[in-house]
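In what follows, chains carry the letters A, B, and so on, assigned in the order in which the sequence lines appear, proteins first and then strands, with residues in each chain numbered from 1. Since this is a predicted model, take the numbers as computed values, not measurements.
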Amino acid sequence: MPELPEVEVLARHLQPLLPGKTIRGVQVCRAKVIQPDDAEAFCRALIGAKFTSLTRRGKYLLFQLHRPRSRVPFTLFGHLGMTGRMYLAPKTSALPKHAAVVLNLGRDNFIYEDTRYFGRLTLDPNAVADLGPEPLSADFQAAPFARALRRSGQAIKVKLLDQSLVAGIGNIYASEALFRARIPPRLAARRLTAAQVKKLRTAIRAVLTEAVRCGSTLPLNFGGTAGGLFYFGRAAGAPDYYEERLVVYDRAGRPCPRCGRPIRRIIQAARSTFYCPRCQRNAS
DNA sequence: CACCATGTTCCTTG
DNA sequence: CCAAGGAACATGGT
């Protein structure tokens, strides 16, 4: 469940739990999730290292580590793909069915599980090299954003998924931001007016900020047979606060909260886009 | 069986 | 060389 807000909430959750913990063992259950695909080297690099901090960049988690005696830090980069989860669990509890990598931290295990194994763990800083600005930081400035959009003929919805434009927007928040800015998803990026670009930038920040705030106030539940960590309403039986906050995503046929017309679903670049055909028209 | 899924990368085509 | 579109990756839910 990973777009910027989900990764941010996860980072805030794990941040106080990791610093000071030492990696005593590494179990690579599925070699394809580590990069490069060399479990031996990966384990050698991590065993004995100690966590110092955890931050986020786009949809990546940045685990800051150092070896004992060495002040030279290094970073483990984590990406959750579509279905990745990371959490601490007592070493006594059974590993989940789709465990990908398990770090032995002493009393607890750090578990990275991923049903579809689209996520990654890597020590290669290139993972993060081509990311655009952080949308919630001051680095996300209007002028460069506008310039980048002017250079692209791609539909704006598709362009928002380009992580080198802005980091962290995924398929859900691309639709949500465009609805909020009242911009039609198929409009070519270069056709946005200056006013629309400005509105879009504001909408992106608002939508992501709200999602983080919403996620941060939820109780973080461990447990269940999956041993998973749930916050955003995907857990069966868990309250669905998060889904309720989405205005257009996955709501085809249901009324637009603004005008009441049915929300429409279209396919762009092989992914679903949701929008209101009335509120998101040209020249708005 | 068919279709869908929060992401990224690679291949083909123009 | 670039842009755009689609398939592939792997598994599960409806």
So is the aromatic ring of A:F118 stacked onto the base of B:dG7, judging by whether the centres are under 5.5 Å apart and the planes are under 30° apart? yes

Check this for me: A:R57, atom CZ, are more than 12 non-hydrogen atoms of other residues, nucleotides or ligands nearer than 6.0 Å?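 Enclosed.
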
For the [atom1] atoms, the ones on [N] and on [M], what distance do you get once it is rounded to whole angstrom?
N: C:dA4; M: B:dT6; atom1: C1'; result: 23 Å
N: C:dG6; M: B:dC4; atom1: P; result: 13 Å
N: C:dC1; M: B:dT8; atom1: P; result: 25 Å
N: B:dT9; M: C:dG12; atom1: C1'; result: 22 Å

Just the atom pairs and distances: protein N or O near nucleotides 11-14 of chain C's N or O, under 3.5 Å.
{"residue": "C:dT11", "atom": "OP1", "partner": "A:R30", "partner atom": "NH2", "Å": "2.8"}
{"residue": "C:dT11", "atom": "O3'", "partner": "A:H98", "partner atom": "NE2", "Å": "3.2"}
{"residue": "C:dG12", "atom": "OP1", "partner": "A:K97", "partner atom": "NZ", "Å": "2.8"}
{"residue": "C:dG12", "atom": "OP1", "partner": "A:H98", "partner atom": "NE2", "Å": "2.6"}

Between B:dG7, C:dA4, B:dA5, which one does the side chain of A:Q154 approach most closely?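 Taking heavy atoms from C-beta onward, the closest nucleotide is C:dA4.
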
With respect to the side chain of A:K32, which nucleotide from B:dT8, B:dC4, C:dC9 is positioned closest? C:dC9

Examine C:dA4: is either OP1 or OP2 under 4.0 Å from a nitrogen or oxygen in the side chain of A:K159? Give yes or no. no

Are A:R271 and B:dC4 close enough that a side-chain N or O sits under 4.0 Å from OP1 or OP2?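 For A:R271, the contact criterion (side-chain N or O under 4.0 Å from OP1 or OP2 of B:dC4) is not met.
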
Between the side chains of [Y] and [X], is the shortest nitrogen-to-carboxylate-oxygen separation below 4.0 Å, so that they form an ion pair?
X: A:R180; Y: A:E176; value: no
X: A:R56; Y: A:E134; value: yes
X: A:E210; Y: A:R205; value: no

Check for me whether A:R201 meets the cation-pi criterion with A:F140, that is, NZ or CZ under 6.0 Å from the six-membered ring centre and within 45 degrees of the ring axis.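 Because its charged atom sits under 6.0 Å from the ring centre and within 45° of the axis, A:R201 does stack over A:F140.
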
Does A:R30 make a cation-pi contact with A:Y117, if we ask for NZ or CZ under 6.0 Å from the ring centre and within 45° of the axis?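 Yes, a cation-pi geometry.
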
Just to verify, what does A:Y60 make a ring pair (Phe, Tyr, Trp, His ring centres under 6.0 Å) with, not counting sequence neighbours? A:H79

Taking any heavy-atom pair under 4.0 Å as a contact, classify A:G119: base, sugar-phosphate, or nothing. nothing

A:E3 versus A:I172, closest heavy-atom pair with distance: OE2-N, 2.8 Å

Check: A:N109 side chain, A:I111 main-chain N or O, donor-acceptor pair, under 3.5 Å: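 Such a contact is absent between A:N109 side chain and A:I111 backbone.
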
Wobble G-U and Watson-Crick pairs count when both distances are under 3.5 Å; given that, what is the 5' to 3' dot-bracket string of DNA chain C, with | for pairing to other strands? .||||||||.||||

